[in-house]
*Asks:* 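Quick one: this structure, given as C-alpha cells, is what I'll be asking you about.
Computed from a prediction, not measured in an experiment: that's the story for all the values here.
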Amino acid sequence: MNTPRNALTLPTDVAQLRIGFIGAGRLGQALAWSLAQAGLKVVAVSSMLPEHAHAHALAAPIEACVCMAPQAVVEACDLVFVTTPDSVIGATCDSLTWHPGQAVVHCSGVTEVGVLAHALEQGASIAGFHPMQTFGDPHAAAKSLPGCTITVEAGQPELMQLLLALVQQLRCVPNRLPAGMRGRYHAAAGYTSQFINALFDQAVRLWQTWGATEEEALRALLPLAQGTLSAIQSAGVARGMPGPVSRGDLSSIDKHLGAIAPMGPEMLDFYRTLCSVTVPLARQAGGIDEAQAQKFIDLLKA
C-alpha cells in the first residue's frame with residue numbers, strides 16, 4: 001500500500017525526534033533550550049545571518065547540537081522549527097528543499113500556517129506552534145515557559161498529537177487554534193500585553209503633571225494593576241472590574257473628564273473610549289442598571 005505523500009513518518013516517541021531550528025533569535029534560543037531541558041533531541045541549528053553568532057549561542061548549552069547550513073538542518077531533522085522573523089518565514093521556507101515524512105513548524109502568532117505551502121507541496125507536513133510568552137531575554141523566557149499556554153495549529157491529526165505531546169513535555173498548557181484565526185488570536189494577546197503599556201503611559205503622564213517621576217508612578221500603579229489581575233483571575237472579567245463605573249459613581253467620572261480635558265482632546269478621547277467599554281461590563285456584573293448605564297453613556301458622549 002502506498003504511503004500518502006504528506007503522511008508523517010516520524011518516531012512515535014517524541015524523545016526520539018531529531019529536532020532542528022532555522023533561525024536562532026531570542027524565541028528560537030528559548031524554545032530550543034526548553035526542549036533540550038525537557039529531554040528532547042535538539043540536534044541542529046542554522047542562523048539566517050552570515051556571522052552565525054546566534055546559532056552558536058543557541059547550540060552551545062545543548063549537548064550534540066551542531067550549527068550547520070539551513071538545507072543541512074532540513075536533511076538532518078524530522079521536525080524543523082522555522083523561528084526566523086515573521087517577515088521572512090515564507091521566503092525562508094521557499095528557499096529550501098523539503099521531503100515527505102517530516103514536519104515543518106513556524107512559531108509566529110499572527111502568520112498563517114499556509115505561508116509554509118512550499119514545504120507542503122514537497123510532501124512535508126506543516127503546522128504552527130506559538131508560545132504565549134515574551135522573549136526579550138531568552139534565558140528568562142526559558143525559565144518562565146513552564147505553565148504558559150502554547151497555541152498549536154495543524155491540519156493533520158497525527159501532527160496535532162505530536163505537537164500536543166511536545167506541549168506536555170514542556171509542562172505547558174495547549175490551546176488548539178482553528179485555521180484562519182491567527183490574526184484574531186494574536187490581536188487578543190496584544191490587548192493583554194503591549195496595550196497595557198499604552199494604559200500605563202497615559203496614567204504616568206497624568207502623574208507627571210504634578211511633578212512625579214515615572215518610577216514613582218509605577219511604584220504606586222503596578223500593585224493596583226496586579227490587584228485587578230488577581231480579581232479577574234478569581235471573579236472573571238466583568239465581576240473582577242473595580243472603579244467608579246462598576247459601582248455606579250457618575251460623579252467621579254464627571255470629575256475625571258474635567259481633570260483630563262486640559263491635557264488635550266487626544267487624551268480625553270482615549271479616556272472616553274476606554275470608559276465607555278467598561279459600562280456594559282458593569283451592567284453585566286450587576287453593578288448598575290440600564291438607567292444608570294445610559295447616564296454614563298450620555299455623560300461620556302457630552
Side-chain angles (χ1 to χ4, degrees), residues 109-110 130-137 140-141 143-151 172-173 175 184-261 263-264 266-301:
V110 70
H130 179 249
M132 292 192 73
Q133 175 62 283
T134 56
F135 292 91
D137 178 347
K143 288 179 181 178
S144 60
L145 191 63
C148 291
T149 292
I150 295 180
T151 294
C172 292
V173 179
N175 170 44
R184 291 183 185 178
Y185 156 76
H186 200 255
Y191 278 100
T192 54
S193 56
Q194 72 264 31
F195 286 1
I196 290 177
N197 295 64
L199 298 178
F200 270 91
D201 172 67
Q202 296 285 298
V204 167
R205 285 171 60 188
L206 289 173
W207 271 64
Q208 288 171 334
T209 60
W210 63 80
T213 65
E214 179 176 319
E215 183 182 2
E216 290 169 334
L218 292 178
R219 191 183 303 126
L221 295 168
L222 280 169
L224 191 64
Q226 288 159 356
T228 301
L229 291 175
S230 295
I232 291 172
Q233 187 173 23
S234 62
V237 175
R239 293 188 178 277
M241 184 182 73
V245 177
S246 70
R247 56 180 182 265
D249 183 357
L250 194 71
S251 174
S252 288
I253 299 301
D254 190 28
K255 291 172 184 174
H256 292 178
L257 293 170
I260 295 172
M263 300 289 294
E266 211 171 283
M267 183 173 272
L268 183 61
D269 287 345
F270 189 63
Y271 179 89
R272 288 181 191 274
T273 299
L274 291 176
C275 196
S276 296
V277 175
T278 69
V279 174
L281 287 175
R283 184 82 177 89
Q284 180 184 335
I288 59 175
D289 58 25
E290 187 175 348
Q292 288 173 303
Q294 189 59 52
K295 288 179 181 179
F296 278 111
I297 292 169
D298 292 342
L299 175 62
L300 292 166
K301 286 181 177 179

*Asks:* Just list the side-chain donor-acceptor pairs under 3.5 Å for residues 199-216, sequence neighbours left out, or say none.
*Replies:*
| residue | atom | partner | partner atom | Å |
| --- | --- | --- | --- | --- |
| T209 | OG1 | L206 | O | 2.5 |
| T213 | OG1 | E216 | N | 3.1 |
| T213 | OG1 | E216 | OE1 | 3.4 |
| E216 | OE1 | T213 | N | 2.9 |

*Asks:* Okay, side chain of Q294, backbone of A291: is any donor-acceptor separation there less than 3.5 Å?
*Replies:*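 It does not hold such a pair.
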*Asks:* Find the distance between OG (S276) and OH (Y271) and round it off to the nearest 0.5 Å.
*Replies:* 9.5 Å
*Asks:* Of all heavy-atom pairs between M267 and I260, which one has the smallest distance, and what is that distance?
*Replies:*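 Shortest heavy-atom separation between M267 and I260 comes out as CG-CG2, 3.8 Å.
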*Asks:* With a 6.0 Å cut-off (strictly less than), is the heavy-atom count around CD of Q233, excluding the residue itself, greater than 12?
*Replies:* no
*Asks:* Is it the case that atom CZ in R247 sees more than 12 heavy atoms from other parts of the structure closer than 6.0 Å?
*Replies:* yes
*Asks:* Can you give me the closest heavy-atom contact between A285 and A238, atom names plus distance?
*Replies:* CB-O, 3.7 Å
*Asks:* Find the distance between CE (M132) and SG (C172) and round it off to the nearest 0.5 Å.
*Replies:* 12.0 Å
*Asks:* Hey, could you give me the OG1/NE2 distance between T149 and H130, rounded to the nearest 0.5 Å?
*Replies:*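 Those atoms lie 11.0 Å apart.
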*Asks:* Looking at every heavy atom in both Q292 and G287, which two are closest together, and how far apart are they?
*Replies:* OE1-O, 4.3 Å
*Asks:* How long is the gap from CG on L300 to CG on D269, to the nearest 0.5 Å?
*Replies:* 11.0 Å
*Asks:* Tell me the closest heavy-atom pair linking F296 and P244, and the distance in Å.
*Replies:* CZ-O, 4.3 Å
*Asks:* Would the number of heavy atoms belonging to other residues, nucleotides or ligands and lying under 6.0 Å from CZ of R239 be above 12?
*Replies:*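 Not buried by this count: 12 neighbours or fewer within 6.0 Å.
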*Asks:* Could you pull out the closest heavy-atom pair between T134 and A141, with the gap in Å?
*Replies:* O-CB, 3.5 Å
*Asks:* L257 vs R272, test: side chain to side chain contact (heavy atoms under 4.5 Å, CB included). Steps then yes/no.
*Replies:* CA-CA 8 Å; L257 293 170; R272 288 181 191 274; 4.0 Å; yes
*Asks:* Show your reasoning for whether side chain to side chain contact (heavy atoms under 4.5 Å, CB included) applies to S246 and T278.
*Replies:* CA-CA 8 Å; S246 70; T278 69; over 6 Å; no
*Asks:* From L299 CG over to S251 OG, what is the distance, rounded to the nearest 0.5 angstrom?
*Replies:* 9.5 Å
*Asks:* Could you tell me if the side chain of I288 sits less than 4.5 Å from the side chain of V279, heavy atoms only?
*Replies:* yes
*Asks:* I need the minimum non-hydrogen distance between S252 and D249, along with the two atoms involved.
*Replies:*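 Minimum heavy-atom separation between S252 and D249: OG-OD2, 2.5 Å.
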*Asks:* Please round to the nearest 0.5 Å and tell me the distance separating atom CD of Q226 and atom OG1 of T228.
*Replies:* 10.0 Å
